[in-house]
Participant: 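I have a structure I would like to understand better, so I am pasting it below and will then ask my questions one at a time.
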Amino acid sequence: MSQNGQGVGVVGTESAAELGTVAAEPWSTTHDHLAGEVIGRHRHDCHQLLYVSAGVLAVRTGEASFVASSARAVWIPAGVWHEHRVHGHSSVHTLAFAVDDVLVRSAGPVVVAVDALVRELVIACSEPSLPRPEARRLRAVLRDRLRRALVEPLALPAPDNPLLRRACALVTDDLRQPRTAAWLARSVGVSERTLARLFRTEFGMTYPQWRTNVRVFRAMVLLAEGASVSAAGRACGWATTSAFIDTFSRTMGRTPGTYRLGR
């Protein structure tokens with residue numbers, strides 16, 4: 001059962017069976033999680049909005065990985081199999097929406113920008129003792145804001161092509177190393193042109209764009225786990241802290257220092 005006393009709509013769960021059964025109407029939860037906690041592969045009979053007011057929650061499907069944080073929520077359509085991993089001590093807020101209550105037009109999970117108003121609405125809507133009339137009014141405002149929210153291309157797609165999987169693993173195994181496209185192409189035995197085509201075809205982005213996203217995602221996790229800004233930057237391959245701050249700020253809309261403090 002959720003903290004507001006309503007059943008949680010989890011369908012065909014594996015290790016998440018304890019979350020409950022099908023809900024007849026929208027539900028909400030708010031929980032604190034310890035670093036390293038995992039909620040195994042499962043799916044819901046309703047749409048779900050995941051938001052983290054502190055820490056980081058990584059969401060993985062069979063096709064891609066997404067990150068919920070203090071500045072980004074993840075919208076998960078009904079029926080999509082997914083699993084969660086917690087990084088850093090995290091406060092996770094979950095709101096469910098009926099299948100016919102489509103606020104984000106997407107067949108798969110997407111990352112949604114969270115401004116100050118949406119943040120407060122999500123936190124308020126997930127309060128366990130919130131009276132139903134107040135919850136309905138708050139959700140009405142939240143629905144309007146979510147329909148206008150910026151959907152951001154912040155996801156790490158999972159490669160299908162075996163060569164691309166090898167190439168991605170070579171990069172992610174050690175982000176400290178400045179792996180160039182030329183080096184990567186030689187390492188997997190293809191031309192740079194072929195490698196570039198694989199990234200564009202499967203991921204819809206260039207290799208440098210993908211690598212930047214990987215590094216920022218990893219930095220988010222490290223910062224949530226307590227790493228300093230300089231240590232996170234070094235671990236993710238930035239030569240200088242200022243370069244890391246610049247890239248992170250342009251990608252996330254806030255500095256890594258501000259993100260680390262959960263603001």
Side-chain angles (χ1 to χ4, degrees), residues 35 52-60 64-74 85-90 110-116 119 150-159 164-188 192-193 195-200 202-263:
V52 181
S53 57
V56 164
L57 184 72
V59 180
R60 178 180 296 176
S65 297
F66 309 81
V67 171
S69 67
S70 59
R72 306 288 189 274
V74 178
R85 179 178 291 275
V86 178
H87 298 278
H89 186 89
S90 300
V110 292
V111 177
V112 179
V114 173
D115 60 21
R119 170 189 167 87
L150 176 64
V151 175
E152 302 187 333
L154 286 175
L156 293 180
L164 190 57
R165 278 200 301 271
R166 285 174 52 202
C168 291
L170 286 171
V171 176
T172 57
D173 284 350
D174 189 358
L175 291 176
R176 287 185 174 88
Q177 300 301 320
R179 306 300 194 191
T180 65
W183 179 90
L184 200 57
R186 287 196 304 272
S187 298
V188 297
E192 283 189 62
R193 178 175 296 181
L195 184 66
R197 177 173 50 78
L198 288 173
F199 273 97
R200 287 195 304 269
E202 290 214 22
F203 295 165
M205 65 184 79
T206 66
Y207 166 62
Q209 289 170 332
W210 172 84
R211 183 169 179 267
T212 295
N213 281 354
V214 170
R215 295 161 78 199
V216 170
F217 270 48
R218 180 58 182 161
M220 291 168 65
V221 169
L222 293 174
L223 292 168
E225 292 175 343
S228 67
V229 172
S230 58
R234 287 194 303 272
C236 296
W238 275 279
T240 66
T241 301
S242 59
F244 168 50
I245 292 172
D246 178 65
T247 302
F248 190 98
S249 300
R250 284 189 284 107
T251 304
M252 297 299 299
R254 62 183 63 191
T255 66
T258 300
Y259 179 88
R260 184 175 184 274
L261 295 174
R263 297 176 181 170

Participant: Please step through side-chain contact (heavy atoms from CB on, under 4.5 Å) for the pair V74 and V112, ending with a clear verdict.
Facilitator: CA-CA 6 Å; V74 178; V112 179; over 6 Å; no
Participant: So, do L222 and C236 sit near enough that their side-chain heavy atoms are less than 4.5 Å apart?
Facilitator: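 They are in side-chain contact.
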Participant: Given side chains that start at C-beta, do those of V110 and F66 come closer than 4.5 Å, heavy atoms only?
Facilitator: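 The answer is no; the side chains never approach within 4.5 Å.
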Participant: Can you confirm whether P157 sits close enough to S65 that some side-chain heavy atom of one is under 4.5 Å from a side-chain heavy atom of the other?
Facilitator: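 In short, these two side chains do not touch, never coming nearer than 4.5 Å.
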Participant: Tell me, do F203 and P159 make a side-chain contact under 4.5 Å, heavy atoms counted?
Facilitator: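 Touching, per the 4.5 Å side-chain cut-off.
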Participant: Verify side-chain contact (heavy atoms from CB on, under 4.5 Å) between F248 and T255, making sure each step is shown before the conclusion.
Facilitator: CA-CA 6 Å; F248 190 98; T255 66; 5.9 Å; no
Participant: Give, for atom CG of L184 and atom SG of C168, the distance between the pair rounded to the nearest 0.5 Å.
Facilitator: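 With rounding to 0.5 Å, CG (L184) is 8.0 Å from SG (C168).
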Participant: What distance separates Q209 CD from T251 OG1, expressed to the nearest 0.5 Å?
Facilitator: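 Nearest 0.5 Å value for the CD-OG1 distance: 10.5 Å.
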Participant: Examine distances only and state if a side-chain atom of R211 and a backbone atom of V171 form a donor-acceptor pair shorter than 3.5 Å.
Facilitator: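 Here the side-chain-to-backbone pair does not exist.
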Participant: Distance check, rounded to the nearest 0.5 Å: R215 atom CZ versus F244 atom CZ?
Facilitator: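 Reported to 0.5 Å precision, the distance equals 9.5 Å.
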Participant: With no hydrogens and no angle check, is any side-chain donor or acceptor of S90 less than 3.5 Å from a backbone partner on V86?
Facilitator: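 Here the side-chain-to-backbone pair does not exist.
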Participant: Do V216 and M252 have side chains that get closer than 4.5 Å, going by heavy atoms?
Facilitator: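 V216 reaches M252 side chain to side chain.
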Participant: Hey, could you give me the CE/CD distance between M220 and E225, rounded to the nearest 0.5 Å?
Facilitator: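 Here the rounded value is 12.0 Å.
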Participant: Given the rule in the side-chain contact (heavy atoms from CB on, under 4.5 Å) test, do R72 and V52 qualify, once you have shown the distances and angles that lead to the verdict?
Facilitator: CA-CA 8 Å; R72 306 288 189 274; V52 181; over 6 Å; no
Participant: Could you measure the distance from the CG atom of L223 to the OG1 atom of T258? Nearest 0.5 Å is fine.
Facilitator: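 The OG1 atom of T258 is 11.0 Å from CG of L223, to the nearest 0.5 Å.
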Participant: Applying side chain to side chain contact (heavy atoms under 4.5 Å, CB included), can you list everything that pairs with A182, at least two apart in sequence or on another chain?
Facilitator: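 For A182, the residues satisfying side chain to side chain contact (heavy atoms under 4.5 Å, CB included) (neighbours in sequence not counted) are T180, R186, E192.
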Participant: Quick check: closest heavy atoms across L195 and A167, and the distance to 0.1 Å?
Facilitator: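 Closest pair (atom of L195, atom of A167, distance): CD1-CB, 4.1 Å.
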Participant: Please check this pair: side chain of R85 against backbone of R60, looking for a donor-acceptor N/O pair closer than 3.5 Å.
Facilitator: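 Not at all, since once roles are kept as given, no pair shorter than 3.5 Å links the two residues.
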Participant: Does D115 pair with R119 as a salt bridge, N-O distance under 4.0 Å?
Facilitator: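 A salt bridge is absent here (no side-chain N lies under 4.0 Å from a carboxylate O).
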Participant: Less than 4.5 Å apart, side chain to side chain, heavy atoms only: is that true for I245 and V229?
Facilitator: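 The answer is yes; the side chains approach within 4.5 Å.
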Participant: Just say parallel, tilted or perpendicular for the rings of F199 and W210, cut-offs at 30° and 60°.
Facilitator: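 Aromatic pair F199/W210 classed tilted.
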Participant: Going through the checks in order, is the side-chain contact (heavy atoms from CB on, under 4.5 Å) test met by T172 and V214?
Facilitator: CA-CA 7 Å; T172 57; V214 170; 3.8 Å; yes
Participant: Would you list the pairs meeting salt bridge (charged side-chain N to carboxylate O under 4.0 Å, His left out) in which at least one residue belongs to residues 175-185, sequence neighbours left out?
Facilitator: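 For residues 175-185, and leaving out neighbouring residues, there are no salt bridge (charged side-chain N to carboxylate O under 4.0 Å, His left out) pairs at all.
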Participant: Rounded to the nearest 0.5 Å, how far does CG of D246 lie from OG1 of T241?
Facilitator: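 So the gap between those two atoms works out to 12.5 Å.
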Participant: Any idea which heavy atoms bring L170 and S187 closest together, and the distance?
Facilitator: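 What the structure gives for the nearest pair is CD1-CB, 3.7 Å.
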